[in-house]
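Side chains included, hydrogens not; waters and symmetry mates left out as well; all remaining heavy atoms used.
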Amino acid sequence: MTAGSFVAMLSAMMAMLPSLKRITNVQSLVQRGVAAAERLFAILDQPDEADTGTMPLLSTRGEIEFRDVSVLYPGQDNPALDHVSFRAAPGTVTAIVGRSGSGKSTLIRLLPRFYEASAGTVLIDGVPVQDFRLSDLRRQIALVGQRVMLFDDSIAANIAYGQTEGMDEARIRKAAEAANATEFIDRLPGGMDAGIGENGGLLSGGQRQRLAIARAILKDAPILILDEATAALDTESERLVQDALNRLIPDHTTLVIAHRLSTVEHADQVLVLDAGRLVEQGTHVELLARGGLYAHLHRMQFREPEAG
Ligand SMILES: Nc1ncnc2c1ncn2[C@@H]1O[C@H](COP(=O)(O)OP(=O)(O)OP(=O)(O)O)[C@@H](O)[C@H]1O
Ligand SMILES: [Mg+2]
């Protein structure tokens with residue numbers, strides 16, 4: 001090799017080095033992309049929810065009936081719900097109590113058809129829920145759960161989530177007011193447009209719950225499902241949340257998984273579940289007098305200060 005071509009080759013190699021380094025960076029970028037795509041496609045490849053219903057449903061009266069309903073989760077030996085039957089009249093409050101694992105969450109999941117019953121029928125206004133179109137059915141149900149689903153977006157967008165028609169600032173604000181949420185929203189920089197962080201990370205538990213209640217108020221669905229939080233809130237936010245709920249509950253058929261004494265005391269009927277079976281049913285006073293499981297749970301669970 002001549003001295004000239006040797007120098008040329010050497011400088012060419014030097015010139016290539018930075019580009020080679022960049023290629024290794026690209027490699028790690030591609031790796032990250034592939035990993036993210038795998039997670040994404042795992043979700044995209046999920047089968048669609050079965051929606052066999054054809055019946056349109058504009059507005060229900062909110063009459064709920066469970067007829068001999070059983071649920072057996074795949075891979076479980078014992079049914080999570082075992083031949084449960086009850087009725088909830090329009091506009092009434094039904095409290096559901098029972099030990100952990102007794103099937104309370106399973107029961108309420110059947111109404112919006114998050115799960116299907118293995119046997120028996122769940123009816124709304126006398127029609128089996130699987131006959132309704134899924135979107136119509138879910139529009140009738142507002143759900144305030146223990147773990148509130150929030151998105152990394154503004155307060156207003158989180159309250160109006162899932163509803164695009166005719167949503168204006170004024171209606172969202174009214175819902176927030178009724179949910180006792182404006183108290184903290186107005187203190188945030190940006191107010192209604194303030195970001196709340198990933199899954200509401202910038203908000204407290206009580207504030208997240210009030211956003212969920214505002215969402216339910218805005219939705220104004222005839223059927224309301226509540227899963228009361230077990231986690232203790234401080235007295236002040238507890239009062240604000242309870243107050244917002246009291247404003248929400250009238251005029252709705254309400255199913256509530258109750259952890260608070262005040263909820264069961266005021267309910268029109270209390271359902272007591274034990275290992276998937278409906279063992280007692282009646283009002284708070286009737287069930288206390290009976291001295292059965294409810295009376296026992298009552299002594300264990302609701303040892304609240306009288307002043308409450
Ligand atoms: N997705 C599932 N797959 C399999 N089994 C489940 C599933 N969800 C719940 N179970 C089982 O069904 C039973 C009832 O569960 P459920 O969540 O309805 O109880 P719960 O009364 O809501 O309890 P808690 O008060 O702790 O929330 C439990 O034994 C539970 O292990
Ligand atoms: Mg539960």
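When the salt bridge (Lys or Arg N to Asp or Glu O under 4.0 Å) test is applied to Asp243, the partners found at least two apart in sequence or on another chain are Arg247. Contacts of His266 classified as side chain to side chain donor-acceptor pair (under 3.5 Å), with partners at least two apart in sequence or in another chain: none. Ala176 is linked by a side-chain contact (heavy atoms from CB on, under 4.5 Å) to Ile159, Ala181, Thr182, Ile185, Met192, counting only residues two or more places apart in sequence or in another chain. Residues that satisfy the salt bridge (Lys or Arg N to Asp or Glu O under 4.0 Å) test with Asp274, not counting sequence neighbours, are Arg99. By the ring pair (Phe, Tyr, Trp, His ring centres under 6.0 Å) test, Phe184 is found to be paired with no residue, residues two or more places apart in sequence or in another chain being considered. His284 pairs by the ring pair (Phe, Tyr, Trp, His ring centres under 6.0 Å) definition with Tyr294, His298, not counting sequence neighbours.
For the pair Gln140 and Leu58, the tightest heavy-atom approach, listed with the atom from each and the gap, is NE2-O, 3.0 Å. Nearest heavy atoms, Ala258 versus Val97: O-CG1, 4.0 Å. Summarising the geometry of Asp136 relative to Leu57, their closest heavy-atom pair is OD2-N, 3.0 Å, with the distance given to 0.1 Å. Heavy atoms only, all atoms of each residue included: Ser154 and Asp193 are closest at CB-O, 3.6 Å.
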Please report, to 0.1 Å, the donor-acceptor pairs under 3.5 Å made by any side chain of residues 213-222, with sequence neighbours excluded.
unit_1	atom_1	unit_2	atom_2	d
Arg215	NE	Asn158	O	2.9
Arg215	NH1	Met149	O	3.1
Arg215	NH2	Met149	O	3.0
Arg215	NH2	Asn158	O	3.3
Lys219	NZ	Arg138	O	2.9
Lys219	NZ	Ile141	O	2.7

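Salt bridge annotation for Glu49-Arg113: absent, with no cationic side-chain nitrogen under 4.0 angstrom from a carboxylate oxygen. Salt bridge absent: Glu286 and Arg290 never bring a charged side-chain N and a carboxylate O closer than 4.0 Å.
In this structure, Phe41 belongs to a hydrophobic cluster whose other members, linked by side-chain heavy atoms under 4.5 Å apart, are Leu40, Leu44. Cluster note: Leu29 groups with no other residue, as no ILVMFWY side-chain heavy atom lies under 4.5 Å from it. Hydrophobic cluster of Met14: no remaining members, since no ILVMFWY side chain lies below 4.5 Å from it. Summarising the hydrophobic clusters (Ile, Leu, Val, Met, Phe, Trp, Tyr; side-chain heavy atoms under 4.5 Å, direct or chained), the residues clustered with Val26 are Val30, Val34.
The ring-ring contact (aromatic ring centres under 6.0 Å, His included) pairs that include a residue from residues 104-142 are Tyr73-Tyr115, where partners are two or more places apart or lie in different chains.
With hydrogens and angles ignored, the 3.5 Å screen pairs a side-chain donor or acceptor of Ser70 with a backbone N or O of His83.
Within the model, atoms CG of Asp268 and OG1 of Thr254 stand 9.0 Å from one another, a figure rounded to the nearest 0.5 Å.
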